[in-house]
Protein chains: 2
Amino acid sequence: MAPEFRCDCPITSALDIVGDRWMLVIVKQMLIEDKRTFKDFVESDEAVATNILAAKLKCLENHGLIAKTRHPTNKKTNLYFLTEKGLSLAPLIVELALWSDTNLRDVHPTMRNQKEQFASMRKDRKAFVSKLQRHHREAMEASQRS
Amino acid sequence: MAPEFRCDCPITSALDIVGDRWMLVIVKQMLIEDKRTFKDFVESDEAVATNILAAKLKCLENHGLIAKTRHPTNKKTNLYFLTEKGLSLAPLIVELALWSDTNLRDVHPTMRNQKEQFASMRKDRKAFVSKLQRHHREAMEASQRS
DNA sequence: CAGGATCCGTTTCGATACTG
DNA sequence: CAGTATCGAAACGGATCCTG
């Protein structure tokens, strides 16, 4: 399943991978909202259909952005985590978040509990990105230990 | 045509606007490749179909990301430019470019004539973003004068 | 000839029901 | 819990046509 790209522009090729609503939504949920299981995604606010979710998870896995692991105790639960390649999308997600916070404020008044997060994000993007990545890596390691 | 968003998450709502392959491709072409006219987009490497292009341009216009102006001398040519809201997507585009440069290098060896651009981008993202925006604003003003 | 609009076959999406 | 199967709806895309 070698990726087929439509044209020679690197940016456009990147969009062949992440230029899709659900791809970035899933990455965002994993990175920011600590979603891990199929059920987490299905029950989320975004309410993706199960067949779409399965397809997108497979695609993300094929592209090496996420990896599926087994829940250490509960055998029938899978845990999805971002790979390093997936984690490298964090700056993109942060820019997306900041753009929405700036440009959709009239439509979506930022929720109280998120204000602090956005402020911190805007203040030092690089630090925020690192924090998100570190948090995710630690959660992943913790899940394998327990 | 008030935008309808699927859920309350700002990021997801942003994806209702820009979470589409063509939207970002068009913004990228305008910002980085100085594409201006319908013909420019159609003849580009990405080769979008005319009906799709017309729909996406209209959508971008409805969302206030681009604006259509008349070519000052050639009456039958329209010029599209990014608005300030559209220009504010520049950081996102830059992150996308950097991600693709880092993660798709094996598939898409960066073209020689782009190497310098990527290096400059990576060295100081903020400066690069400003340069792109400034360049676009100047081109827009120049086009109205001539 | 630029800038679309229309038609139409094909692909993808998405909601729900169902299965291991 | 973690997915498949199914099927109607929507989007895509190519070719062509229209309009100034």
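Lettering follows sequence order; numbering is per chain, from 1. All values reported here derive from a predicted model rather than from experimental measurement.
Taking side-chain N and O atoms only, B:Trp22 has no distance below 4.0 Å to OP1 or OP2 of D:dA11. A close approach under 4.0 Å does occur between a side-chain nitrogen or oxygen of A:Tyr80 and OP1 or OP2 of D:dG3. Contact check, A:Lys68 against D:dG3: a side-chain N or O comes under 4.0 Å of OP1 or OP2.
The only member of A:Val94, A:Ile26, A:Leu87 that meets side-chain contact (heavy atoms from CB on, under 4.5 Å) when paired with A:Leu31 is A:Leu87.
Not a single donor-acceptor pair under 3.5 Å links the side chain of A:Glu95 to the backbone N or O of B:Pro91. The main-chain N or O of A:Leu98 is found under 3.5 Å from a side-chain atom of A:Thr102 such that the two form a donor-acceptor pair. Without hydrogens or angle criteria, B:Arg105 side chain to B:Asp101 main chain gives a donor-acceptor distance under 3.5 Å.
The distance from atom CD1 of B:Ile66 to atom P of C:dG3 is 13 Å, rounded to the nearest whole Å. As rounded to whole Å, 9 Å separates atom P of C:dG4 from atom CZ of B:Arg70. Atom NZ of A:Lys76 and atom C1' of C:dG20 are 11 Å apart (whole Å). Between the CG atom of B:Asp16 and the C1' atom of D:dA10 there is a distance of 15 Å, rounded to whole Å. Following rounding to the nearest Å, B:Glu46 (CD) and D:dC12 (P) show an atom-to-atom distance of 16 Å. The distance between atom CD of B:Glu43 and atom P of C:dA2, rounded to the nearest whole Å, is 7 Å. Distance CG (B:Leu57) to C1' (C:dG3): 10 Å, rounded to an integer number of Å. B:Ile52 places its CD1 atom 17 Å from the P atom of D:dT16, with the value rounded to the nearest Å.
Of all the residues in residues 26-39 of chain A, A:Thr37, A:Phe38, A:Lys39 reach under 4.0 Å from DNA chain D with at least one non-hydrogen atom.
By the 4.0 Å N-to-carboxylate-O rule, B:Glu46 lies close enough to B:Lys28 to be salt-bridged with it. We find that A:Asp34 and A:Arg36 are joined by a salt bridge, their nearest charged nitrogen and carboxylate oxygen being less than 4.0 Å apart.
Fit an axis to the five pairs at each end of the helix from C:dC1-D:dG20 to C:dG20-D:dC1 and the two axes sit 30° apart, to the nearest 10 degrees.
With sequence neighbours excluded, the residues that form a side-chain contact (heavy atoms from CB on, under 4.5 Å) with A:Lys115 are A:Thr110. Shown here are the side-chain contact (heavy atoms from CB on, under 4.5 Å) partners of B:Glu61, two or more places apart in sequence or in another chain: B:Ile66, B:Lys68. Scanning for salt bridge (Lys or Arg N to Asp or Glu O under 4.0 Å) contacts around B:Arg137 gives B:Glu84, with sequence neighbours left out.
Ranking C:dG14, D:dA2, C:dG3 by closeness to the A:Thr77 side chain, first place goes to D:dA2.
Taking CG from B:Leu65 and CG from B:Leu57, the interatomic distance works out to 11.5 Å, rounded to the nearest 0.5 Å.
Taking 4.5 Å as the limit, every side-chain heavy atom of A:Asn78 sits out of range of all side-chain heavy atoms of A:Phe38.
Among the heavy atoms of the strands, none lies under 4.0 Å from B:Asp40.
Residues A:Gln29 and A:Ser44 bring a donor and an acceptor atom of their side chains to less than 3.5 Å of each other.
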Could you run down the sub-3.5 Å N/O contacts of the protein with nucleotides 5-12 of chain C?
unit_1, atom_1, unit_2, atom_2, d
C:dA5, N6, B:Thr50, OG1, 2.7

